A.B. asks: 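Take this structure first; my questions come after.
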Amino acid sequence: MSLKFWKPGTAGPGSNLDRATEVEGNLVPSAPLYSSLSIQSQRERLPIFKHRQKLLYCVEQFGVIIVVGQTGCGKTTQLPQYLYEAGWAAEGSVIACTQPRRVAATSVATRVAAEVGTILGDEVGYTIRFEDVSSKERTRILYMTDGMLFRETLVDPLLSRYSAIMIDEAHERSVYTDLLLGVLKKIRRKRPSLRLIVSSATLDATAFLDYFTDSATPNDATIITLEGRMYPVEVAYLQEPVPDYVRTAAEVSWNINLRQGPGDILVFLTGRDEIERCLDELSEMLPTLPKNAPRLIPLALHAGLSTDEQLKVFEPAERGTRKVIVSTNIAEASVTIDGIKYVVDSGYVKIRTYNPTTALASLSTVPTSVASATQRAGRAGRTAPGVCYRLYPQAAFESLPYSTPPEITRVDMTTSILQLKSLGIDDLMKFEWVSSPPAEIVLRALEGLVAAGMIGEDGRLTPIGQQVAECPVEVGIARMLFNSKEHRCGEEILTIAAMTAVQDVFVIPEGAQGALAELERRKFTAEEGDHLTLLNAYNAFTRYGRSSGWCKSHALSFRAMSRAVSIRAQLKKYMQRFKLPLESCEGDARRLRRCLVSGYWRNGARWVADGTYRSVRGNKVLHVHPTSVLFTRKPRSGWVIFHEMEETKKTQIRILTEIEPDWLVDHGHKYDNAKKGTS
DNA sequence: GAGCACTGC
């Protein structure tokens, strides 16, 4: 092991030597809130406090304020309170603060309610999907997910109950952040009294300033930079690139353990596979660990783990031991672990991209960005000065893109465009995007919406399109829900819709446990395919008391199943609102499958002799995903519809159900006639 | 015969 690092000196975010106190989206609840200091003096010690007057002045003078601040400056908890104290929530108006993640919205709201001295849900509350802990009359500061606020624009296009809206973590550029910013710019033209605060952790924030500054509003926006509260992080690069960063990551972690002082290690890799390989490498080396070295505790962290397994990474390392947490990108922003002193960064990340020509989503491993590498390094400096080892040469760092392309430029836009149309934004090319999605993606989405009958030839929403836009599901699934009336199977379709919306229902552990899990899963297997298998699993879950113990013994994810229950309850309300009957098909699987075809008819495929399928549209070679109950079996009719298609090493289809080819032909005719205007 | 970055409504 002769890896040579050199250190170009201290870099990374911030360098203020004070303990970070900003609450973030932790999996674990934050430590006890206050010790001896009063709430007021705690608040006054935050770095943001000395900018209070300036911030309030800017909110008076400008319509849009871009706030650049590192983690720990207190912007998320303090800014809404400053506005509140200055009277921005007078006369029943509300100050909103959006977060990209649910945990962040709830934990920050809890913290702020304590600071304000109110019960959560009273003056300070939060709104996330399935949970509204706020009062329409009394809540003045409302934390919410950005998706929730975007949804609110569908009901109240001017967001008239808000006096000020803070879009937090805007640098993450989630689809909803981008849609919201676009809509908010439009709203501010009609309602200039609304104040907008865009908060971002990176210096890239000038892009937001440019976005809100144009000839129509030349002096409307300003930018304020706040200092963070982070310890310095030293950055070291490899002198030469390495062929296998997984192996190198294990070796570097090993050397840190031998040569460096106390502190846990956080390793960034791209996926579960790499994480397991890295942990294997470390385990193989463990027997050779010198007696005087700290004992290494290797731990995995990725979204596929159960809550229990994820919580393990938060347990403090015992004396004489050191944790090595090998993680996906989940530890970059979603999960914060204290006590990390060393970060090992592979420099790669897996991102989803969407190819509108083939309508294929794919997952590919790409180099990270400068912004993301900086964020990763910062994970070493939360509680003490740290070191970040980048497993690539400095020259490679310098050639990285500044930031990862925003999500909106690389995902299927069907649902987003339906929602924008519902907001009355008919000319999508005139919509002021922060970053424009590629024209091909927009066109592809429009074409799909026309084919599904959501948009008419005039480019406007059809009556059913208007209703579907309100449903929080994909368009195909919504069509299926609406068509269940005709097929008299609303009860079952509702369950299937909910189950397809959650991923990773079946838990498959490694090794022998995995084989046992496979046997458990077979108990739910329906001959017709995966949709009915999911239906069986859901019905069994509710029949046996919705318990986590039952899930564990049947290889099901309790988290996923509980989510399905919530989604089903939510969708049920929409079905009732749209007067869709909740009839049961009474075990008539044929009716159920016909209804599935009515939603998924564009996703038809035909079995061929080598065990693969050919797509009806495009004759593409499709491989069945190994989780499918049809993975090993030829469907009797030779035809299936599938829920989704994704490109990994091969093009795979997930969640399949056997159908009769005539049913597809039926829908083809209907579509054709609709296009010709004869039906 | 074999696989899944991360969110969100």
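Since the model is a prediction, treat every value here as computed from it, not as a measurement. Below, chain A is the first sequence line, B the second, and so on; all start at residue 1.
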A.B. asks: Atom CG of A/Asp273 and atom C1' of B/dA2: how far apart are they, to the nearest Å?
C.D. replies: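 Distance check: A/Asp273 CG to B/dA2 C1' gives 11 Å.
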
A.B. asks: Can you tell which of B/dT7, B/dC9, B/dG1 lies closest to the side chain of A/Met148?
C.D. replies: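 Side chain of A/Met148 sits closest to B/dC9.
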
A.B. asks: Of all the nucleotides listed (B/dG8, B/dT7, B/dA2), which has the minimum atom distance to the side chain of A/Arg102?
C.D. replies: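 Minimum distance to the A/Arg102 side chain belongs to B/dG8.
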
A.B. asks: Between A/Thr328 and A/Arg272, does any side-chain donor sit less than 3.5 Å from a side-chain acceptor?
C.D. replies: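 There is no such pair (donor and acceptor under 3.5 Å, judged by atom type) between the side chains of A/Thr328 and A/Arg272.
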
A.B. asks: Nearest whole Å is fine: how far is B/dG8 P from A/Ile330 CD1?
C.D. replies: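 Rounding to the nearest Å, CD1 of A/Ile330 and P of B/dG8 are 10 Å apart.
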
A.B. asks: Please list, chain by chain and in numerical order, all residues satisfying side-chain hydrogen bond (donor to acceptor under 3.5 Å, both in side chains) with A/Arg559, sequence neighbours excluded.
C.D. replies: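 Expected list: none.
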
A.B. asks: Can you measure A/Ile408 atom CD1 to B/dG8 atom C1' for me and round it to whole angstrom units?
C.D. replies: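 Atom CD1 in A/Ile408 sits about 13 Å away from atom C1' in B/dG8.
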
A.B. asks: Over all strands shown, is A/Glu172 touching base, sugar-phosphate only, or nothing at heavy-atom distances under 4.0 angstrom?
C.D. replies: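 It contacts nothing in the nucleic acid.
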
A.B. asks: The side chain of A/Pro472 lies closest to which of these nucleotides: B/dC9, B/dG3, B/dA5?
C.D. replies: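 The closest nucleotide is B/dC9.
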
A.B. asks: Any side-chain N or O of A/Arg352 under 4.0 Å from OP1/OP2 of B/dC4?
C.D. replies: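 So the side-chain polar atoms of A/Arg352 never come under 4.0 Å of the phosphate oxygens OP1 or OP2 of B/dC4.
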
A.B. asks: Is it the case that the side chain of A/Asp530 and the backbone of A/Leu656 share a donor-acceptor pair, with hydrogens and angles ignored and the cut-off at 3.5 Å?
C.D. replies: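 Judged by distance alone, yes, a pair lies under 3.5 Å.
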
A.B. asks: Start at the 5' end of DNA chain B and walk down; is the nucleotide closest to A/Lys649 or to A/Phe631 reached first?
C.D. replies: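 Taking each residue's closest nucleotide, the earlier one in sequence belongs to A/Phe631.
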
A.B. asks: State which of B/dC6, B/dA5, B/dA2 makes the closest approach to the side chain of A/Ser334.
C.D. replies: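 Minimum distance to the A/Ser334 side chain belongs to B/dC6.
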
A.B. asks: Nearest whole Å is fine: how far is B/dC9 P from A/Phe130 CZ?
C.D. replies: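 A/Phe130 atom CZ is separated from B/dC9 atom P by 7 Å.
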
A.B. asks: Could you check whether A/Ile351 gets within reach of a base, just the sugar-phosphate, or nothing at all, counting any heavy atom under 4.0 Å?
C.D. replies: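 It contacts nothing in the nucleic acid.
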
A.B. asks: Could you state the CZ-P distance from A/Arg633 to B/dA2, rounded to the nearest angstrom?
C.D. replies: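 Rounded to whole Å, this separation is 19 Å.
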
A.B. asks: What's the closest nucleotide to the A/Thr145 side chain, out of B/dC6, B/dC9, B/dG3?
C.D. replies: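 Closest of the options to the side chain of A/Thr145: B/dC9.
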
A.B. asks: Name the closest nucleotide to the A/Arg151 side chain, picking from B/dA2, B/dC9, B/dT7.
C.D. replies: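 Of B/dA2, B/dC9, B/dT7, B/dC9 is nearest to the side chain of A/Arg151.
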
A.B. asks: Counting any heavy atom closer than 4.0 Å, what does A/Arg654 reach on the DNA or RNA strands: base, sugar-phosphate only, or nothing?
C.D. replies: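 Counting heavy atoms under 4.0 Å across all strands, no contact is made by A/Arg654.
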
A.B. asks: Is it true that the side chains of A/Thr177 and A/Asp146 contain a donor and an acceptor less than 3.5 Å apart?
C.D. replies: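 Checked: A/Thr177/A/Asp146 side chains pair up, N/O donor to acceptor below 3.5 Å.
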
A.B. asks: If I take atom CD in residue A/Glu169 and atom C1' in nucleotide B/dG8, what distance separates them, rounded to the nearest angstrom?
C.D. replies: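 Computing the A/Glu169:CD to B/dG8:C1' distance gives 15 Å.
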
A.B. asks: Using a 4.0 Å heavy-atom cut-off, does A/Thr328 contact any base of the nucleic acid, only the sugar-phosphate backbone, or nothing at all?
C.D. replies: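 Sugar-phosphate contact only - A/Thr328 comes under 4.0 Å of backbone atoms but never of a base.
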
A.B. asks: State which of B/dG8, B/dC6, B/dC4 makes the closest approach to the side chain of A/Ala303.
C.D. replies: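 Out of B/dG8, B/dC6, B/dC4, the nucleotide with an atom closest to A/Ala303's side chain is B/dC6.
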
A.B. asks: Between the side chains of A/Thr414 and A/Glu474, does any donor sit under 3.5 Å from an acceptor?
C.D. replies: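 Distance-only check fails for A/Thr414 and A/Glu474.
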
A.B. asks: If the cut-off is 4.0 Å, is A/Thr365 near the phosphate of B/dA5, judged by side-chain N/O to OP1 or OP2?
C.D. replies: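 A/Thr365 to B/dA5 OP1/OP2: no side-chain N or O under 4.0 Å.
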
A.B. asks: Among B/dG3, B/dA5, B/dG8, find the nucleotide with the atom closest to the side chain of A/Lys350.
C.D. replies: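 Nearest to the side chain of A/Lys350 among the choices is B/dA5.
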
A.B. asks: Have a look at A/Phe150 and say if it touches a base, only the backbone sugar-phosphate, or nothing, with a 4.0 Å heavy-atom cut-off.
C.D. replies: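 Nothing: the residue A/Phe150, judged by heavy atoms under 4.0 Å, touches no strand.
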
A.B. asks: Expressed in angstrom and rounded to an integer, what is the separation of A/His171 atom NE2 from B/dT7 atom C1'?
C.D. replies: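 To the nearest whole Å, that distance equals 13 Å.
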
A.B. asks: Side-chain N or O of A/Gln99 versus OP1/OP2 of B/dG8: is the shortest distance under 4.0 Å?
C.D. replies: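 No, outside the criterion.
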
A.B. asks: Pick the closest DNA chain B nucleotide for A/Arg410 and for A/Thr632 by heavy atoms, then say which residue is nearer the 5' end.
C.D. replies: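 Here A/Thr632 is the residue nearer the 5' end.
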
A.B. asks: Report the nucleotide, chosen from B/dA5, B/dC4, B/dC9, that has the shortest atom-to-atom distance to any side-chain atom of A/Gln652.
C.D. replies: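 Nearest to the side-chain atoms of A/Gln652, counting from C-beta on, is B/dC4.
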
A.B. asks: Between A/Tyr538, A/Tyr600, A/Phe642, A/Phe524, which is the residue that forms a ring pair (Phe, Tyr, Trp, His ring centres under 6.0 Å) with A/His531?
C.D. replies: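 Running ring pair (Phe, Tyr, Trp, His ring centres under 6.0 Å) over A/Tyr538, A/Tyr600, A/Phe642, A/Phe524 with A/His531 returns exactly one hit, A/Tyr600.
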
A.B. asks: Taking atom types as modelled and ignoring hydrogens, do the side chains of A/Arg111 and A/Thr76 form a donor-acceptor contact shorter than 3.5 angstrom?
C.D. replies: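 Side-chain D/A pair, A/Arg111 to A/Thr76: absent.
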
A.B. asks: Does B/dC4 have OP1 or OP2 under 4.0 Å away from a side-chain N or O of A/Thr648?
C.D. replies: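 Yes, within the criterion.
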
A.B. asks: To the nearest Å, how far apart are A/Leu305 CG and B/dA5 P?
C.D. replies: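 For the pair A/Leu305 CG and B/dA5 P, the rounded distance is 11 Å.
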
